[in-house]
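To start, the structure itself, in structure tokens.
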Amino acid sequence: MKIEIHLKEQLQLAFRELYQEEIESPKLDKTRPEFEGDYTLVVFPYLRQSKTGPEQTAQNLGNWILNHSDWVSDFNVIKGFLNLVIADSYWTDFANEYLTDASQITHTADGKDTRIMVEYSSPNTNKPLHLGHIRNNLLGYSVSKILEHNGYEVIKANLINDRGIHICKSMLAWMKFGAGETPESSGLKGDHLVGKYYVAFDKAYKQEIDDLVASGKNKEEAEKQAPLLLEAQEMLRKWEAKDPETIRVWEMMNGWVYAGFEQTYRRMGVSFDQFYYESNTYLLGKDIVNEGLEKGILYQKEDGSVWIDLTSEKLDQKLLLRSDGTSVYMTQDLGTADLKFQEYQMPRSIYVVGNEQDYHFKVLFSILNKLERPYAEGLYHLSYGMVDLPSGKMKSREGTVVDADDLMDEMHQTADTITRELGKIEGLSEEELYSLFEKIGMGALKYFLLKVDPGKRILFDPKESIDFQGNTGPFLQYTFARINSLQSNAGDWSFGSYTGALEAQEKDLIRYLHDLPGTIRAAGKNYSPALIANYVYDLVKSYNRFYHDLPVLKEENAEKRNLRLMLSKATAEAISACFAMLGIPEVEKM
RNA sequence: GCACCCAUAGCUCAGCUGGAUAGAGCAACUGCCUUCUAAGCAGUAGGUCACAGGUUCGAAUCCUGUUGGGUGUACCA
């Protein structure tokens with residue numbers, strides 16, 4: 001916080017007085033733990049200004065700053081590194097002022113008055129959610145919460161892909177083979193029931209292709225001529241013509257899926273402020289294409305199809321309207337972008353979509369830029385890596401997916417087993433136990449997925465269960481529960497202020513808490529829950545050392561006892577804020 | 001073919017705009033529960049940061065090339 005600004009100003013002043021040189025605000029590093037000090041200046045870049053050797057320069061700067069700043073209590077020089085020691089009084093002042101009410105450090109005002117939309121999840125309604133969707137949902141939700149902690153007004157949006165050929169495939173299979181099966185009659189969750197028919201379609205379709213190939217057709221022809229596919233395409237046409245029976249089945253089956261998704265979302269702990277449905281938006285965007293033609297940004301081929309040429313940006317030529325005048329995915333996305341802006345006038349808009357669509361979003365944003373949309377500058381594709389299995393990519397049609405609901409069940413079950421093994425369940429009712437296992441299981445899963453940098457792919461091995469020890473969600477939850485227990489055993493206490501010396505563990509903990517606002521800011525700027533996850537892990541490690549090495553309740557010096565209780569409380573509040581940003585449930589006792 | 005992304009310990013990951021001897025967790029091995037929750041703490045061992053050049057006082061980090069892996073490039077969504 002302000003110490004860094006202060007030190008940078010001091011260093012600039014020092015250069016002015018010592019060397020009559022103006023320098024840019026210097027870069028300060030945290031001093032590595034094996035050296036004494038809090039902040040380090042590397043002096044090599046400044047030798048030209050100082051015109052003396054590195055050690056001498058560091059000595060001079062150190063001496064100057066020691067004489068001019070009350071917050072610097074000592075310094076040492078090792079080679080070209082100037083290590084500055086910050087006085088305990090700075091850290092105790094910080095604790096007295098900010099940690100007594102830690103809500104002061106759990107938010108920033110970076111996004112004050114700025115509205116931002118985060119679109120995430122955006123599922124297809126023909127099959128249940130899998131592990132890849134879980135990553136998307138957790139990322140989108142977490143980024144939303146991080147932005148809220150940075151002061152943004154966030155609109156969480158979900159664009160549901162509820163129409164198209166894939167939906168018709170499920171519908172067709174259900175009509176042919178379903179015998180009127182419903183979620184009620186089958187006992188299956190609605191999205192799983194529909195997914196079952198999506199798989200059934202694919203199986204029957206493949207059989208037809210095989211039969212056609214056996215009768216002498218080549219494979220490509222067979223894929224295009226299989227009767228089931230033709231029927232599905234016919235059904236799509238009927239849907240677009242609003243055929244009542246088709247619409248009825250479509251509404252019914254989508255209804256099943258929504259009920260299933262709703263359950264899964266609730267269990268994951270994610271939510272939305274606005275839903276968009278492609279059945280409402282798929283016709284949008286055509287007038288934008290016309291606008292583009294008028295402005296000369298797009299061009300029309302002889303067959304009537306409309307394209308954009310982005311070869312000058314190292315992108316290709318891209319189709320925006322088919323020769324028969326119907327729209328493609330890109331067309332709808334143009335329309336939906338306008339629609340969102342009309343409704344919310346948000347200057348910034350985030351799309352949480354996997355990196356397989358990097359190209360699509362480059363093109364989309366480029367077009368909107370050329371069309372001079374006022375919101376174009378604020379568009380951002382939060383691209384994340386796929387979740388892969390050891391065997392490779394998950395493929396729903398081939399049954400190699402890790403189902404979201406199944407995985408959550410397994411997490412719950414593992415939490416159950418481990419908790420019972422540890423034998424910490426006395427005095428809890430079955431309901432309380434259920435809720436406890438759920439929190440721990442979800443904590444483990446969410447931390448596992450969110451601690452990885454969004455851009456990187458995640459390898460998930462279903463044979464190895466997600467850990468509950470070490471760098472894991474339950475470890476964080478456990479520390480929170482410990483502090484909780486400490487607080488409830490503490491009796492009455494109050495903290496006014498503290499001015500004495502600090503133990504190393506106390507100071508270390510305060511330094512981590514001191515870093516929280518900067519971390520929240522960085523996580524918001526980079527749209528990265530991983531930064532919060534890594535931070536809270538380091539914080540918790542520091543707290544556990546503190547807790548292990550120093551007595552809190554048993555401390556006899558009342559001032560010290562109150563300080564440590566206050567620091568514990570502040571740590572719990574910091575953890576709580578990080579959990580809120582990651583969507584990890586708090587556990588009071590475990 | 002072209003474009004984009006990735007490569008760090010046996011495994012899973014950190015390493016901010018270049019800075020000191022590259023850090024955690026898991027797995028392996030050692031200690032620590034008659035004191036506030038041992039899902040914890042402390043320690044040992046484990047590295048040619050894919051490879052080769054280059055820029056720099058200094059490179060896991062920046063540039064170029066090579067290798068290996070992934071993704072995209074449809075009148076699909």
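Note: hydrogens, waters and symmetry copies are ignored here, and every other heavy atom, side chains too, is used. Within every chain, numbering begins at 1; the chains are lettered A, B, ... in the order of the sequence lines, protein sequences first and strands thereafter.
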Does A/N544 place a side-chain N or O at less than 4.0 Å from the phosphate oxygens OP1/OP2 of B/C41?
yes

Applying ring-ring contact (aromatic ring centres under 6.0 Å, His included), name anything that partners A/Y547, two or more places apart in sequence or on another chain.
none

For A/N161, which contact category applies under a 4.0 Å heavy-atom criterion: base, sugar-phosphate, or nothing?
sugar-phosphate

Can you find an N or O donor on one side and an acceptor on the other, under 3.5 Å apart, linking the side chain of A/N83 with the base of B/A20?
yes

Scan side-chain atoms only and decide if A/E410 and A/S465 contain a donor-acceptor pair under the 3.5 Å cut-off.
no

By nearest-nucleotide position on RNA chain B, the 5'-leaning member of A/K79 and A/V540 is A/K79

Verdict with supporting geometry, A/R564 and A/E506, salt bridge (charged side-chain N to carboxylate O under 4.0 Å, His left out)
CA-CA 8 Å; A/R564 288 175 191 164; A/E506 293 165 338; 2.7 Å; yes

Within the 4.0 Å heavy-atom criterion, would you say A/Q477 contacts the bases, only the backbone, or no part of the nucleic acid?
nothing

Under the criterion of centre distance below 5.5 Å and interplanar angle below 30°, is A/F468 classified as stacked on the base of B/A39?
no

When the P atoms of B/A20 and B/A60 are considered, how many whole Å apart are they?
9 Å

Pick out the pairs of N or O atoms, protein on one side and nucleotides 36-38 of chain B on the other, that lie under 3.5 Å.
| unit_1 | atom_1 | unit_2 | atom_2 | d |
| --- | --- | --- | --- | --- |
| B/C36 | O2 | A/L553 | N | 2.8 |
| B/C36 | N3 | A/V552 | N | 3.0 |
| B/C36 | N4 | A/Y547 | O | 2.6 |
| B/C36 | N4 | A/L550 | O | 2.5 |
| B/U37 | OP1 | A/S485 | OG | 3.0 |
| B/U37 | O2' | A/Y478 | OH | 2.2 |
| B/U37 | O2' | A/R482 | NE | 2.9 |
| B/U37 | O2 | A/K424 | NZ | 3.0 |
| B/U37 | O2 | A/M590 | O | 2.8 |
| B/U37 | N3 | A/M590 | O | 2.6 |
| B/U37 | O4 | A/A481 | O | 3.3 |
| B/U37 | O4 | A/M590 | N | 3.4 |
| B/A38 | OP2 | A/R482 | NH2 | 2.6 |

If you assign each of A/K314 and A/E278 to its closest nucleotide in RNA chain B, which residue comes earlier from the 5' end?
A/K314

Sidechain-backbone polar pair: A/S542 side chain, A/D538 backbone, donor-acceptor under 3.5 Å:
no

Using atom names, set out every protein N or O paired with an N or O of nucleotides 14-16 of chain B below 3.5 Å, distance rounded to 0.1 Å.
| unit_1 | atom_1 | unit_2 | atom_2 | d |
| --- | --- | --- | --- | --- |
| B/A14 | OP1 | A/D453 | N | 2.7 |
| B/A14 | OP2 | A/K456 | NZ | 3.1 |

Under 3.5 Å, which donor-acceptor pairs link side chains of residues 275-282 of chain A to any protein atom two or more places apart or in another chain?
| unit_1 | atom_1 | unit_2 | atom_2 | d |
| --- | --- | --- | --- | --- |
| A/Y276 | OH | A/E343 | OE1 | 3.3 |
| A/S279 | OG | A/D162 | OD1 | 3.4 |
| A/S279 | OG | A/D162 | OD2 | 2.6 |

Please work out if A/R32 contacts a base, only the sugar-phosphate, or nothing of the nucleic acid, heavy-atom cut-off 4.0 Å.
base

Rounded to whole Å, NZ of A/K463 lies from C1' of B/C11 at a distance of 13 Å

Which value, in whole Å, describes the distance between the C1' atoms of nucleotides B/G53 and B/U67?
15 Å

What residues, two or more places apart in sequence or in another chain, satisfy side-chain hydrogen bond (donor to acceptor under 3.5 Å, both in side chains) together with A/K569?
A/E573

What's the CD-C1' distance between A/E313 and B/U73, to the nearest Å?
16 Å

Parallel, tilted or perpendicular, as decided by the 30° and 60° cut-offs, for the rings of A/F365 and A/Y351
tilted

Among pairs that include at least one residue of residues 469-494 of chain A, which meet ring pair (Phe, Tyr, Trp, His ring centres under 6.0 Å), considering only residues two or more places apart or in two chains?
A/F475-A/Y537

Residues which pass ring-ring contact (aromatic ring centres under 6.0 Å, His included) with A/Y384, listed by chain and number, not counting sequence neighbours
none

If you measure from the C1' atom in B/G46 to the same atom in B/A27, how many Å do you get, rounded?
11 Å

What's A/L321 touching, base or sugar-phosphate or nothing? Going by heavy atoms closer than 4.0 Å.
nothing

In which stems does RNA chain B show up, taking only runs of three or more Watson-Crick or G-U wobble pairs whose two distances fall under 3.5 Å?
B:1-7 with B:67-73, B:10-13 with B:23-26, B:28-32 with B:40-44, B:50-54 with B:62-66

Whole-angstrom distance between B/A50 and B/A59, as gauged at atom P
15 Å

Between the main-chain N or O of A/Y39 and the side-chain N or O of A/T31, is there a donor-acceptor pair closer than 3.5 Å?
yes

Counting any heavy atom closer than 4.0 Å, what does A/T40 reach on the DNA or RNA strands: base, sugar-phosphate only, or nothing?
base

Gap in Å between the two C1' atoms, one belonging to B/A24 and one to B/A9, rounded
11 Å

Examine distances only and state if a side-chain atom of A/T519 and a backbone atom of A/I532 form a donor-acceptor pair shorter than 3.5 Å.
no

Would you mind classifying the nucleic acid contact of A/Y359 as base, sugar-phosphate or nothing, using non-hydrogen atoms under 4.0 angstrom?
sugar-phosphate

Modelled atom types, side-chain donor and acceptor of A/N254 and A/T125, under 3.5 Å:
yes

Should the pair A/W239 and A/W250 be assigned to parallel (<30°), tilted (30 to 60°) or perpendicular (>60°) ring geometry?
perpendicular

Base, sugar-phosphate or nothing for A/Y329? Non-hydrogen atoms, less than 4.0 Å.
base

Please check: side-chain N/O of A/D467 versus main-chain N/O of A/Q469, any donor-acceptor pairing under 3.5 Å?
no

N/O (side chain, A/R457) to phosphate O (OP1/OP2, B/U12) under 4.0 Å
no

Do A/K301 and A/W307 meet the cation-pi criteria used here (NZ or CZ under 6.0 Å from the six-membered ring centre, within 45° of the axis)?
yes

With a 3.5 Å cut-off and no angle check, do the side chains of A/Q332 and A/S327 form a donor-acceptor pair?
no

Inter-nucleotide C1' distance (B/C76, B/G68), Å rounded:
31 Å

For B/U12 and B/A77, measure between their C1' atoms and round to the nearest Å.
33 Å

Torsion-based syn/anti label for B/C33, 90° from 0 as limit
syn

Using the C1' atoms only, state how far B/C49 lies from B/A3, rounded to an integer number of Å.
27 Å

Between A/S366 and A/K362, is there a donor-acceptor pair closer than 3.5 Å when you use the side chain of the first and the backbone of the second?
no

What string of B, S and - do you get for nucleotides 55-64 of chain B, 5' to 3', if B is base contact, S is sugar-phosphate-only contact and - is no contact with any protein heavy atom under 4.0 Å?
--B-------

Is a donor-acceptor pair below 3.5 Å formed from side chain A/T419 to base B/A39, judging by atom type as modelled?
yes

Letter per nucleotide, 5' to 3', of nucleotides 24-30 of chain B [B base touched, S only sugar-phosphate touched, - untouched; heavy atoms, 4.0 Å]
SSS----

Can you name the side-chain hydrogen bond (donor to acceptor under 3.5 Å, both in side chains) partners of A/T311, sequence neighbours left out?
A/D309

Output the single nucleotide from B/A77, B/C13, B/G19 whose closest atom is nearest the side chain of A/L459.
B/C13

Without decimals, in angstroms, what is the distance between A/H360 NE2 and B/A74 P?
14 Å

Set of side-chain hydrogen bond (donor to acceptor under 3.5 Å, both in side chains) partners for A/K224, sequence neighbours left out
none

